[in-house]
Chemist: 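Shown below is the structure under consideration.
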2 protein chains.
Amino acid sequence: MLMSSVSIKDVAARAGVSPGTVSNVLNRPEKVAESTRVRVEKAIRELGFVRHGSASSLRAGHSRTIGLSVIDIGNPFFTDVAAGVEEGASERGYAVILGNSSGDRFKEERNLLVFAEQRVRGVLITPAGASLAKLDQLRERGISVVLVDHPAERPDQCSVAVNDVTGGSLAVSHLLDGGAERIAYVTGPLTVRQCLDRRIGAERALAAAGRDPGRALEEIATDAMNARAGQEAAEKMISQGRLPDAVFCANDLLALGVMRALLQAGVRVPEDVALIGYDDIDFASASAVSLSSVRQPTHRLGRVATELLLDECDNPESHAHRQIMFQPELVARESTR
Amino acid sequence: MLMSSVSIKDVAARAGVSPGTVSNVLNRPEKVAESTRVRVEKAIRELGFVRHGSASSLRAGHSRTIGLSVIDIGNPFFTDVAAGVEEGASERGYAVILGNSSGDRFKEERNLLVFAEQRVRGVLITPAGASLAKLDQLRERGISVVLVDHPAERPDQCSVAVNDVTGGSLAVSHLLDGGAERIAYVTGPLTVRQCLDRRIGAERALAAAGRDPGRALEEIATDAMNARAGQEAAEKMISQGRLPDAVFCANDLLALGVMRALLQAGVRVPEDVALIGYDDIDFASASAVSLSSVRQPTHRLGRVATELLLDECDNPESHAHRQIMFQPELVARESTR
DNA sequence: ATATTTCGTTAAAACGTTTTTAAATGGAGT
DNA sequence: ACTCCATTTAAAAACGTTTTAACGAAATAT
């Protein structure tokens, strides 16, 4: 039984070298003679030595952790992103500190504070509140930041996003192709950039088809972007008796909720009302009527963001800031046949 | 613009006190006089001081982070657990380091190593490999461990789980009530305890109904527990032309895959084949035919596990190890009508 | 008045690494 | 044998905090 902590000194003593040499074995193995290296490695194994990350990052000035702040860990979209991040980070030996902001600006700031205290190497964030100023404070502290699913406003920062205007256009063009006249847009708060951009895309598609966005598009904003909110929105539409020809939802969770409410009320999808969501989460194709959606390269989003971040951390001077914009893709299924 | 790092010394200088006093303000505010406290707090605010977590935990001997290792972050079951964990941890000022083992023993051990390096205060883990010995090594290092969704074998460790034997019984009894004669059990690897326990429960239900488990229950094991694996399993059943009356799946993801394959092949659910899953993930009720399932208190699982862990960390001597076992609950929907 | 306690504060020593500087070692060239 | 250089190791100084023991001053008791 190895008690509490065995330090680099114990390893050094056992291997008959100095602590500095052990450190070199750990961090610059090429600098140390083969024979001593194997001796040290043997001692490390025998003593079960584990490097003390705090001591290491205290002295080195930076840790091997990154912070990830997402808006809703319960949403498969963010889960996929998180999986991509975890994959990319762990491959390069970085640990991921997870923060869930729940779209709450206050919680988001608390996450950033925790990240700052932990002296994370960098932060990946899908910004929820207007905390862009806080992010600059992080940068001033030497913590790199990459925006995820949010295009950077300035050229001196990295970001990874998907073109939501295009996505909104794709969705609504598709509905128009199917013959829709009156379209409802069920969305989360319009302060959320994604929701706003997708609406802009929707309006462009309408305009391009010669329709008047003011008349053809009705907007129903909810306070959350989950299935419950979608269901409630649809129930309200139904009880008011003003059903549109088609519904475009700002994400799949909303759409699944809308679908549930419609089917329960005996409204046929897509015959009475066509329905399209956004994100193409795994479950979209398994729903009652398989759900048309707009697919985003979610996992890649997380992966690429992580690679960008770690590149910025590891090669600070050669690093060129990039704003990457992926393109979404229409996935037509039964709900818009 | 505040350059790099302002330390406790800078704060001390500004407030005209010693560094030790600043530390006291941070950690034992009651020990320091009101007047100096406000003076120090003012200096902290003005300088934008953020405590250096690494230095702090180096000296104090423990950090304010916990590690969470889950089997599949893409599975809503684990996502819910993770959300519960994040909630409980952040409320008490702890950061969560996320590790995804993907059911891979090797990745799991790598996660534990990262946790050990970060000197996390404790670890929450849904064990994937047979790394129980590794967990004892962590305990010897003074890192508390709470098993999540896995009952502890020994009384000196904490665990939080849901009774899977009961759950398996509930599911199969329900299928038998619906008139099923031949039942298929679509499961992940039987080395996964949950899968095994649920089968044991299934067999008990059969025995209790006077059936011969050897005849009435056919087992189809897959290598993963996601929708794709379920779909493939069902496709194989269909192509072999040996369809059972009912299918019990070890989780909802498998069940959704099975449902997709069945419906695509023109098999009616539940008329031709009844279907029940496990976990009652959000999407179960939104699927093509709403899915019957066995509900687990997922979010609570994560929350309670975190509370147990932090209690053990904060009150090491008064802490009593507990093995908490929740009871699952049957949720009957269309797929078993 | 002095002795004792209490309270608030400080100085200094850790914590376990990394990094820098200096020293030791050994081999080649003179 | 001697210098010179290259390679490898040793020693010591940081990094920013927490903590212990000691201290002075004020408050209370003798």
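Naming: A, B, ... by sequence-line order, numbering from 1 per chain.
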Chemist: Restricting to side-chain hydrogen bond (donor to acceptor under 3.5 Å, both in side chains), what partner residues turn up for B:Lys42, sequence neighbours left out?
Modeler: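 If we apply the side-chain hydrogen bond (donor to acceptor under 3.5 Å, both in side chains) test to B:Lys42, skipping adjacent residues, the hits are B:Glu46.
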Chemist: Test of understanding: with side chain to side chain contact (heavy atoms under 4.5 Å, CB included), list the residues that count as partners of B:Arg92, not counting sequence neighbours.
Modeler: B:Tyr94, B:Leu310, B:Asp314
Chemist: Could you tell me whether the side chains of B:His319 and B:Asp311 share a donor-acceptor contact shorter than 3.5 Å?
Modeler: yes
Chemist: How bent is the helix from C:dA1-D:dT30 to C:dT30-D:dA1, comparing axes over its five end pairs at each side, to the nearest 10°?
Modeler: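 One end's axis against the other's: 60°.
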Chemist: Using a heavy-atom cut-off of 4.0 Å to chain B, what are the terminal contacting nucleotides of DNA chain C, in 5' to 3' order?
Modeler: C:dG8 to C:dG16
Chemist: Counting only non-hydrogen atoms, which of residues 17-34 of chain B are less than 4.0 Å from DNA chain C?
Modeler: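 Correct list: B:Val17, B:Ser18, B:Thr21, B:Val32, B:Ala33.
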Chemist: Go through the structure and list residues passing side chain to side chain contact (heavy atoms under 4.5 Å, CB included) with B:Ala13, not counting sequence neighbours.
Modeler: none
Chemist: Under the rule for ring pair (Phe, Tyr, Trp, His ring centres under 6.0 Å), what residues qualify as partners of B:His62, not counting sequence neighbours?
Modeler: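 None.
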Chemist: List in chain and number order the residues that pass side chain to side chain contact (heavy atoms under 4.5 Å, CB included) with A:Asn24, two or more places apart in sequence or in another chain; answer none if no residue qualifies.
Modeler: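 Side chain to side chain contact (heavy atoms under 4.5 Å, CB included) list for A:Asn24, sorted by chain: A:Arg28.
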Chemist: Under 4.0 Å: is that the gap between some side-chain N or O of A:Thr36 and OP1 or OP2 of D:dT9?
Modeler: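 So the side chain of A:Thr36 is within the cut-off, an N or O lying under 4.0 Å from OP1 or OP2 of D:dT9.
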Chemist: A:Arg51: what forms a salt bridge (charged side-chain N to carboxylate O under 4.0 Å, His left out) with it, not counting sequence neighbours?
Modeler: B:Glu117
Chemist: Not counting sequence neighbours, which residues clear side chain to side chain contact (heavy atoms under 4.5 Å, CB included) with B:Arg300? List them please.
Modeler: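 Counting only residues at least two positions away or on another chain, B:Arg300 forms a side chain to side chain contact (heavy atoms under 4.5 Å, CB included) with B:Pro297, B:Val304, B:Phe326.
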Chemist: If you assign each of A:Ala55 and B:Ala60 to its closest nucleotide in DNA chain D, which residue comes earlier from the 5' end?
Modeler: A:Ala55
Chemist: Please report, to 0.1 Å, the donor-acceptor pairs under 3.5 Å made by any side chain of residues 67-76 of chain B, with sequence neighbours excluded.
Modeler:
| residue | atom | partner | partner atom | Å |
| --- | --- | --- | --- | --- |
| B:Asp72 | OD1 | B:Gly74 | N | 2.8 |
| B:Asn75 | OD1 | B:Phe77 | N | 2.9 |

Chemist: Return the set of residues passing salt bridge (charged side-chain N to carboxylate O under 4.0 Å, His left out) with A:Arg193 (not counting sequence neighbours), or none when no residue passes.
Modeler: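 In terms of salt bridge (charged side-chain N to carboxylate O under 4.0 Å, His left out), with neighbours along the sequence ignored, A:Arg193 is linked to A:Asp164, A:Asp197.
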